[in-house]
There are 2 protein chains.
Amino acid sequence: MIKYKNTVFNCTMELAIELIGGRYKALILWYLLDRTLRFSEIKRLIPQATQKMLTQQLRSLEEDGLIIRKVYPEVPPKVEYSLSESGKNLKPVLDAMCQFGKTYVEEHSIYSPSLLQS
Amino acid sequence: MIKYKNTVFNCTMELAIELIGGRYKALILWYLLDRTLRFSEIKRLIPQATQKMLTQQLRSLEEDGLIIRKVYPEVPPKVEYSLSESGKNLKPVLDAMCQFGKTYVEEHSIYSPSLLQS
DNA sequence: GTAGTAAGTATCTAAATGGGTACTATATTA
DNA sequence: TAATATAGTACCCATTTAGATACTTACTAC
């Protein structure tokens, strides 16, 4: 039993789902794996998410200590997001997910020109 | 670009999130990793999920070919769920998630008597 | 004859999520 | 003078998701 933010989790798996299970969380973390990104860059990488959604997910990730938000006091604003040490621990999870997705596409003969190229 | 079920995914990560990102999906898959379970057993393992939610998630996992649903024509009903070959490919993902959760709890000094015991 | 069982479905309501638009700041550019 | 840029927030409305409860089947036990 794990208590975190007024919620009880029965196992570490439940906690992990809570931490990275949000709509665009895993995707954001995935893009942050290899580099720091500005808000606008993340928005360009995940165009299907509205600005509100992105902000929400980023705030939640920051609150859970998975990413670091660095604000530059400039106009127009500049905000950079990067993985925290805790966030970097997610690399095995994200790598495994990506690999699973690839295998799934191959085994289910799903149309994917980009996979044929690479 | 990947097309699956009338939806376009920009990368395999997005597809992976779609497949296992549902409310209780990763948890169900996690419990199915080492054994076949009846519906009532899953319900007992995940009491916070309503029957409707569980049925929904199980149906979705079945549709995506991650689990196998075996119905025994009996009364009262008996239905067994197990991982498909595709579902078994998720083991590295689920193991990594569990490990991440453990590390997260340790590093954030979250109250967890069960972790102290094990 | 009634209750219990397993795995659901059906229906209604409540809550969370998501989309759209407008608004903010200040410096630079056209 | 007006537009552009960035990273948001505020507000309202629509959709989706989730919860609660009742109902089903056919057999068995009390």
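Chain naming here is simple, since letters A, B, ... match the order of the sequence lines and numbering starts at 1 in each. Since this is a predicted model, take the numbers as computed values, not measurements. For the numbers below, each heavy atom of this structure counts, side chains included, while hydrogens, waters and symmetry mates do not.
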Ring geometry between Y4(B) and Y104(A) (parallel below 30°, tilted from 30 to 60°, perpendicular above 60°): perpendicular
Residue closer to the 5' end of DNA chain C, E41(B) versus Q51(A) (nearest nucleotide): E41(B)
d(CD, Q57(B); C1', dG8(C)) in whole Å: 16 Å
Residue mapping more 5' on DNA chain D - nearest nucleotide basis, V75(A) or R23(A): V75(A)
Length of the line joining R59(B):CZ and dA7(C):P, which is rounded to integer Å: 12 Å
Candidates dA7(C), dA5(D), dG19(D) - which lies nearest the side chain of P77(B): dA7(C)
Gap between atoms CD and C1', on E80(B) and dA6(C) respectively (whole Å): 13 Å
Spacing of CD belonging to E41(B) relative to CD belonging to E80(B), to within rounding of 0.5 Å: 8.0 Å
Proximal nucleotide (of dA7(D), dA7(C), dG18(C)) relative to the V79(B) side chain: dA7(C)
dA7(C) phosphate, OP1 or OP2, under 4.0 Å from R69(B) side-chain N/O: no
Nucleotide dT9(D), atom C1' - distance to NZ of K43(A) in whole Å: 13 Å
For atom OH of Y24(A) and atom P of dG18(C), their distance in whole Å: 6 Å
Short side-chain N/O contact from Y72(A) to OP1 or OP2 of dG8(D), under 4.0 Å: no
dA7(C) OP1/OP2 closer than 4.0 Å to side-chain N/O of S40(B): yes
For atom CE of M53(A) and atom C1' of dA10(D), their distance in whole Å: 14 Å
dA6(C) phosphate, OP1 or OP2, under 4.0 Å from Y81(B) side-chain N/O: no
Touch class at under 4.0 angstrom, heavy-atom based, for E74(B) against every strand present: nothing
Whole-Å distance separating the CD atom of Q56(B) from the C1' atom of dT16(D): 10 Å
Rounded distance (Å) that lies between atom P of dT9(C) and atom CG of L54(B): 12 Å
N/O (side chain, R38(A)) to phosphate O (OP1/OP2, dT6(D)) under 4.0 Å: no
Side-chain H-bond candidate by donor/acceptor type, Y24(B) with Y31(B), under 3.5 Å: no
Check: S84(A) side chain, L66(A) main-chain N or O, donor-acceptor pair, under 3.5 Å: yes
dG8(C) base / K52(B) side chain donor-acceptor hit below 3.5 Å: no
Min side-chain heavy-atom separation D64(A)-K25(A) under 4.5 Å: yes
Distance below 4.0 Å between R44(B) side-chain N/O and dA6(C) OP1 or OP2: no
